[in-house]
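The structure appears below as structure tokens.
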Amino acid sequence: MLGRRQSCFTVQKFSRRKYFKMDAVVEQKIKMITHDRDWSMIIEPQRSLLDLRLSELWRYRDLVMLFVRRDFIAVYKQTILGPLWFLIQPLLTTIIFTVIFGNFAKLPTDGLPQFLFYMSGTVVWSYFADCFTKTSDTFINNSQLFGKVYFPRLAVPFSILISSLITFLIQFALFLVFVACFILRGSPVHPNWSWILFSPVLLLMMAGLGLGFGIIISSLTTKYRDLRFLVQFGVQLLMYATPVIYPISSVPARFQWIMLVNPMTSIIETFRYAFLGAGDANVGNLLYSFGFMLVVVFLGSVIFNRVEQTFMDTV
Amino acid sequence: MSTVISVEHLSKTYRLGQIGTGTLSRDLNVWWAKTCGKPNPLLRIGETDRGNCHGDELWALRDVSFTVEQGEVLGIIGRNGAGKSTLLKILSRITAPTSGKIKVKGRVASLLEVGTGFHPELTGRENIYLNGAILGMSRKEIDRKFDEIVDFAEVEKFIDTPVKRYSSGMYVRLAFAVAAHLDPEILVVDEVLAVGDAEFQKKCLGKMGEVAKEGRTVLFVSHNMSAIQKLCPQSLWIDSGEISWLGPSSEIIRAYLNQSKGISSSDEMDLSNWTNRYGSGEVRILLARILDGNGVTSATVYRASPMTIEFIFKNQYSGPLHFSIVVKSDSDERILHLSHYDTTDAIVKLPKGNYQARFSIPELPLCSGNYSLVLAIHTLSLMPLDVVSDVLPFTAEDMIKSPRPYRTHNGHAYCWTPNLFSVTPIA
């Protein structure tokens with residue numbers, strides 16, 4: 001009985017042989033099925049940059065709505081005031097703005113009642129800011145989820161746009177109530193009906209800008225976390241570069257073009273003109289903003305599309 | 001039967017170590033230095049520049065090709081880090097492959113974790129809808145299956161309570177219930193049965209078996225060999241990113257288990273340098289082998305046939321010795337215990353020297369399956385002198401001419417005993 005230590009060599013050798021035989025069979029099978037259209041899905045290293053798979057997103061529309069619902073319910077669970085916070089936030093901001101910028105700093109308001117002026121600014125601006133900051137966290141906040149299951153990643157930013165829109169509509173309704181009160185009291189407020197009908201387009205533009213910037217940032221934050229801080233801070237700074245707390249007419253004429261580079265400027269001014277009757281509604285500037293929005297959305301989708309395929313490896 | 005999954009030359013590489021420097025400012029710093037022709041400012045002295053990638057490449061999968069037929073339940077086994085999960089991740093589109101492609105026919109649902117996307121603040125009902133939608137069900141589908149899901153999870157009473165108030169068991173049950181009611185053509189499951197209590201695991205396994213019977217294709221990753229053996233006729237063994245073997249589960253599992261213990265099905269084992277042992281070392285087992293019914297060294301023995309285990313040991317202990325052998329199943333359960341006191345009450349006291357011990361079993365009571373041995377020599381007071389574990393893996397088979405029309409698998413039982421049976425007509 002002679003001892004001889006055997007290694008796992010026999011197993012390995014055997015399995016190799018088996019593997020090669022197997023491979024030949026597979027090769028044959030692959031050849032048999034040559035038509036790609038027989039398959040319902042093909043997973044490849046890179047898909048084309050413009051293949052956004054919007055039809056797939058449409059199939060997952062239930063998921064988008066459930067995300068919206070989740071965000072609403074989860075935020076105000078276990079709060080006493082609940083959804084009232086939607087109204088308290090813009091009200092408090094407006095009051096503080098009225099006190100600080102209106103009474104202390106005495107900034108001009110285009111002859112509008114200060115309260116309405118600031119309220120229109122904050123409500124409209126907060127829609128853009130919400131869309132932007134929340135979508136920019138898409139990948140970071142959902143990495144746990146994205147790492148375990150596939151669904152069209154764009155569902156998350158879209159659900160954010162919708163839930164922000166609902167918040168906006170609630171706040172905007174409050175704003176309209178105040179507008180009505182002020183008109184009844186005889187304040188110099190003159191809503192412009194033809195521009196009011198145009199306002200959904202303005203909303204769309206803001207949503208587009210928020211989404212575009214947001215998904216660009218979120219795609220980059222998978223690698224560079226510092227952009228998150230930049231966004232939180234940057235949105236605040238951007239607000240001061242946008243006529244939210246002052247009218248563009250108060251800016252010296254030779255600096256106005258700098259303001260108008262900012263695509264949000266004309267949107268906010270037009271909103272004000274539509275609902276309050278003072279401001280700068282200029283079709284040329286709006287077209288510029290619209291074009292800007294299209295470019296940002298396009299760039300954003302291309303980058304997002306690129307990143308979403310492999311972000312799990314870098315996040 | 002048609003091919004529903006075709007994996008063609010699939011590879012995935014990961015870069016080890018840091019990708020980039022982690023912050024934009026530093027990346028820009030490096031980039032600026034490069035364009036100015038300066039050396040990388042972040043490089044440690046003595047380190048060579050490897051561009052933006054610090055580290056080597058790891059091939060998580062390398063040129064993997066296989067096909068899966070419709071209705072097939074394929075088990076995927078392999079050690080941690082072998083590439084199983086990467087394969088599933090690519091298949092469920094969580095990450096893209098580096099090269100190669102996968103073609104799929106039908107809807108794929110992947111279950112890499114239970115309770116993905118559960119929100120603690122939402123109620124059970126809301127979470128069923130949310131989780132179902134995340135897994136790819138439409139609202140209508142969930143409406144249809146809602147009652148079934150709640151039934152399966154046994155949480156009717158708490159369906160309108162936020163899930164953060166659930167016990168962890170209820171949470172997992174609810175999560176699995178949603179997943180179990182997915183109706184995809186292809187189901188990809190990763191080690192989700194490791195959660196929950198034994199009864200629930202059984203229920204999950206049952207459900208998976210059902211899914212398989214309905215003619216759907218299932219890919220199942222697990223370290224639970226008995227589950228694989230039960231559910232999957234075929235298995236795929238992945239070893240460091242490559243397919244090591246694709247074939248019948250029982251064969252693959254045997255080879256895999258033997259390899260993971262670092263041994264092969266050898267006839268004779270040199271145990272002098274075996275590390276998986278304990279004891280004082282005053283006795284040392286050197287060599288061991290198994291003889292089958294014909295007295296030939298073999299790793300295969302037959303049920304109800306004789307089997308002999310022999311081992312050679314070196315004795316330096318002056319007191320009386322106690323010899324015993326334990327037969328363990330491939331899931332590490334102890335099945336049989338043999339002691340030399342079974343047959344004699346003689347006290348074995350040996351002078352120093354080398355000896356050969358031999359245990360003979362006239363009729364092997366084991367059902368077909370894979371087993372290994374623990375050889376032990378103790379003192380009379382059961383202080384271990386030398387105990388070697390996981391040695392001499394062997395396969396028990398049903399007798400060549402077994403009257404049984406079917407093979408007994410480990411899933412049914414481990415032991416067998418001769419019995420008398422009769423059927424008599426009643427008037």
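This structure is a prediction, so every number in the text was calculated from the model and none was measured. Throughout, protein chains are lettered first and strands after them, A, B, ... in sequence-line order, and every chain is numbered starting at 1.
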F158(A)/F67(A) aromatic ring centres below 6.0 Å: no
Pair R107(B) + E141(B): basic N to acidic O under 4.0 Å: yes
Distance, nearest 0.5 Å, that separates CH2 of W245(B) from CG of L236(B): 12.5 Å
Residues F139(A), F304(A); criterion ring pair (Phe, Tyr, Trp, His ring centres under 6.0 Å); working and verdict: CA-CA 10 Å; F139(A) 281 121; F304(A) 190 87; 5.0 Å; yes
Part of I90(B) lying under 4.5 Å from any heavy atom of chain A: both
Part of I186(B) within contact of chain A (heavy atom distance under 4.5 Å): neither
Min side-chain heavy-atom separation Y129(B)-D62(A) under 4.5 Å: no
Residue R69(A) versus chain B: region with a heavy atom under 4.5 Å: side chain
Part of V4(B) lying under 4.5 Å from any heavy atom of chain A: backbone
Which atoms of F146(A) approach chain B - backbone, side chain, both or neither, heavy atom under 4.5 Å: backbone
S138(B), part contacting chain A, at a heavy-atom distance under 4.5 Å: both
